[in-house]
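Just so we're clear, the structure is a prediction, and the values are computed from it rather than from any experiment. Here is how names work: the chains are called A, B, and so on, in the same order as the sequence lines, proteins then strands, and each is numbered from 1. Side-chain atoms are counted along with the backbone in the values below, which use heavy atoms only and exclude waters and symmetry mates.
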Amino acid sequence: MSSGRELDKFLLINELARRRGFFWQSFEIYGGVGGFVTYGPLGTQLKLNIESKIRDIFVKKLGILEIESSIVTPGKVFEASGHVNNFKESMVECADCGKRFRADYLINEKLGISLLDIEKMSLSEIKKIIKKNKLECLDCKANLKEPTQFLTMFKTTIGPYSGATGYGRPEAAQNIFVEFNRLYKMAREKLPFGVIQIGHALRNEISPRQGLIRLREFTIADLEFFFDPEKAESNFISEIENEILPILLAEKRKKGKEETSNFTVQEALDKKVVCSEWQIFFMVMAQKLLLEIGIPVEKQRFIEKLPWEKAHYATQCFDQEVYVDRWGWIEVSGHAYRTDYDLSSHMKATGADFRIFKELEKPIKKIQYFVKPKMDLIGPKFKEKTAEIINTISKTPAKDIIESFEKKGYYMIGDKKISENQVEVTQQKNIVRGKRFIPHVVEPSFGVDRLFYVALEYALKNKDNRTILSFPRSIAPIQIGVFPLVNKDGLNEKAKEISALLRTEDLLVEFDDAGSIGRRYARADEAGVPLCLTIDYRTMIDDTVTIRDRDLWKQVRVATNDLPRLLDDYFKGKITFEDFGDFIKSK
RNA sequence: GCGGUGGUAGUUCAGCUGGUAGAACGUCUCGUUGCCAACGAGAAGGUCGCCGGUUCGAGUCCGGUCCACCGCUCCA
């Protein structure tokens, strides 16, 4: 091609998506705004189907609880969660050439301070460092302006009197954490349990590019799975222990290597490649989800995040990536071990108690000691110091004081000596039945728009110069096309009748009588319709129709009466096209 | 935010040195049509991204602005 760049799949998909109504950039009549997308009729249905795959795997099969909550969130929530501090970048601008740099990269490169340490610095500390070391523009060596910060959360005020700050949520997870106590009750106060939320999130990206891959408003599916860190075993491990996960390890990445290693679940756990059983369980589920929307396993991988790449809340973090034509590997889901970071943060900020009471298997009998000052002796002796001394005694563990008595015969508070006879030591037998702890969390988090994009890209096929979207049948936005072979002799009416019949069977049906039959097949292929029924003259005689398969371009003949049952089985994945009957011989 | 390229019909694009918009495909109507983008006749669709300037006259020249793509940057 003379112009240089060939048509890649990204371009093909965007063109097809606009033309056929999968998605397009929003607000086009106002010139368009980057980072916002409108899903058309076909796209909306496809996205719904992908979301129901997520619900299928997590909500229906695993009993994860689903909630739906608000996007606008009081500022305090994201202050407590650490997002207000972490969802921002310090930038410096050259006073001369206007070029912008990330302050942390600049300091790291020039002074060798680690990115992790820089992240902890405040804006004023960064300012000081730049001044002190006289850092200058990497390009033209001119002076730098004062560093500024970008907050990548959308900020607003709640209510008309500009009182309270609100943020558009940059993730759906916090809605789950703040409702923990109620949700725990709904899980019948048993660990482990999980909660999922699928909904919009907002991130005010500096430069949203790459179509559906980076949006300012997007759909996220956050699943928070709560478990007891002392009882972190997953009861599903035996079912998945031989599943294989391709993982690109952080140590390889540090050396600049790109090779993934295949681990069975068991190996990954044994070698501590993945620290949490639940985390690896959800990684396997994520791999399965992607497979079901049409991404082959060999086009998927997990990469371990490097320390400075990890979110502020995560200890161990993997990204699930899919290989795409234009950019290579892109992230479609994140798998973070968030520990008790979020629940603890909200406890500290609000005083709510998110601890869970755990009964011990065997109650522990404990003897508890109490040291009670004899006021009639201590008061007269220490006079104005008395208050301080009895205060100290009540705060000091009784055990320490008693030990001191045993060893030395007295206990020192400052320069005051307390002797055993100035206090009364009592003991009480207690039975400890349990303890309180904060659950740990692993979080799989899916970018639904990215799943949508990769599903489209992997469905995209070309056959005889025709574009085909070869969706797995369970996510196809239209399930069946119904066509009259010709528009006369009552075939059209019969076809409409059959469409109506199939619609009552809960199938997504499209009737089409425009143009030639071949054109209609082509149109259906491009919309990813798996099966097309054609009503012909024989239908009028023996009430049978032909069914044509999108990928094989083969046909079978089936009695109209059998359609509901066969199609139901087909779309539930119980039978394949071959099970419909013998192929009609092509002329 | 910076640099490069671009923005014309639903889609992909053409439009030379300024003279009030074209093609292909798609869509719709009628006819035709017995299974993989057939054919014939006809029709609808664009204030050429937006704002301003130069000019008798601007899709075309100039300035600004918005948006997209590529490269930096960003992507917690």
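- Judged by distance alone, with hydrogens and angles left aside, Glu205(A) brings no side-chain donor or acceptor close enough to the base of rC75(B) to form a pair under 3.5 Å.
- Nucleotides rG6(B) and rA43(B), compared at atom P, are 36 Å apart to the nearest Å.
- Nearest nucleotide to the side chain of Ala514(A), out of rC28(B), rC69(B), rG34(B): rC28(B).
- A salt bridge links Asp525(A) and Arg548(A); the closest N-O separation between the charged side-chain nitrogens and carboxylate oxygens is under 4.0 Å.
- In this structure, Pro170(A) and Ile29(A) both approach RNA chain B, and ranking their closest nucleotides by distance from the 5' end singles out Ile29(A).
- The distance from atom CG of Leu11(A) to atom C1' of rC13(B) is 14 Å, rounded to the nearest whole Å.
- No side-chain donor-acceptor contact under 3.5 Å links Gln25(A) and Glu28(A).
- Which of rG34(B), rU11(B), rC74(B) sits closest to the side chain of Glu15(A) comes down to rU11(B).
- Between the CD atom of Gln555(A) and the P atom of rC35(B) there is a distance of 10 Å, rounded to whole Å.
- Rounded to an integer number of Å, the gap from CD of Glu28(A) to P of rA9(B) is 11 Å.
- For the pair Arg450(A) CZ and rC75(B) C1', the interatomic distance rounds to 7 Å; values are reported in whole Å.
- The aromatic rings of Phe580(A) and Tyr570(A) lie tilted to each other, with the angle between the two planes from 30° to 60°.
- Pairs engaging residues 74-87 of chain A under the salt bridge (Lys or Arg N to Asp or Glu O under 4.0 Å) rule: none recorded [sequence neighbours left out].
- At a cut-off of 3.5 Å, with distance as the only test, a side-chain donor of Asp551(A) or Ser470(A) sits close to an acceptor on the other residue.
- Comment: Arg301(A) engages Glu321(A) in a salt bridge, judged by a side-chain N to carboxylate O separation of less than 4.0 angstrom.
- Residue contacts for Gln25(A): at a heavy-atom cut-off of 4.0 Å it reaches the sugar-phosphate backbone alone, with no base atom in range.
- Salt bridge Lys494(A)/Asp543(A): present, at least one basic N to carboxylate O contact under 4.0 Å.
- Annotation: rA38(B) and rU5(B) have their C1' atoms spaced 41 Å apart (nearest Å).
- Each of rC35(B), rC69(B), rG34(B) was ranked by its minimum atom distance to the side chain of Thr546(A); first place goes to rC35(B).
- Among Asp536(A), Asp582(A), Val545(A), the single residue meeting the side chain to side chain contact (heavy atoms under 4.5 Å, CB included) criterion with Arg557(A) is Asp536(A).
- Listed nucleotides rC35(B), rC28(B), rG34(B) differ in distance to Asp536(A); the shortest reach to its side chain belongs to rC35(B).
- Remark on RNA chain B: of its neighbouring residues Thr152(A) and Arg538(A), the 5'-side contact belongs to Arg538(A), judged by nearest-heavy-atom nucleotide.
- rC61(B) and rG7(B) are spaced 11 Å apart, taking the P atom of each and rounding to whole Å.
- Between rU60(B) and rA9(B), the two P atoms lie 15 Å apart (nearest whole Å).
- Against the 90° criterion about 0, the sugar-base torsion of rG45(B) places it in the syn range.
- Using a 4.0 Å heavy-atom cutoff across all strands shown, Gln210(A) reaches sugar-phosphate atoms only and no base atom.
- Within the nucleic acid shown, Gly211(A) comes within 4.0 Å of sugar-phosphate atoms alone, with no base atom in reach, counting heavy atoms only.
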Can you pull every protein N or O that's under 3.5 Å from an N or O on nucleotides 37-44 of chain B?
{"unit_1": "rA38(B)", "atom_1": "OP1", "unit_2": "Arg519(A)", "atom_2": "NH2", "d": "3.1"}
{"unit_1": "rA38(B)", "atom_1": "OP2", "unit_2": "Ser516(A)", "atom_2": "OG", "d": "2.7"}

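- Side-chain proximity of Arg18(A) to rU33(B), rU12(B), rC74(B): nearest is rU12(B).
- Separating the C1' atom of rG34(B) from that of rG46(B) is a span of 41 Å, rounded to the nearest Å.
- Shown here, rC30(B) forms a base pair with rG40(B); the pair counts as Watson-Crick or G-U wobble because both key distances fall under 3.5 Å.
- One can find a donor-acceptor pair under 3.5 Å joining the base of rC36(B) and the side-chain atoms of Arg548(A).
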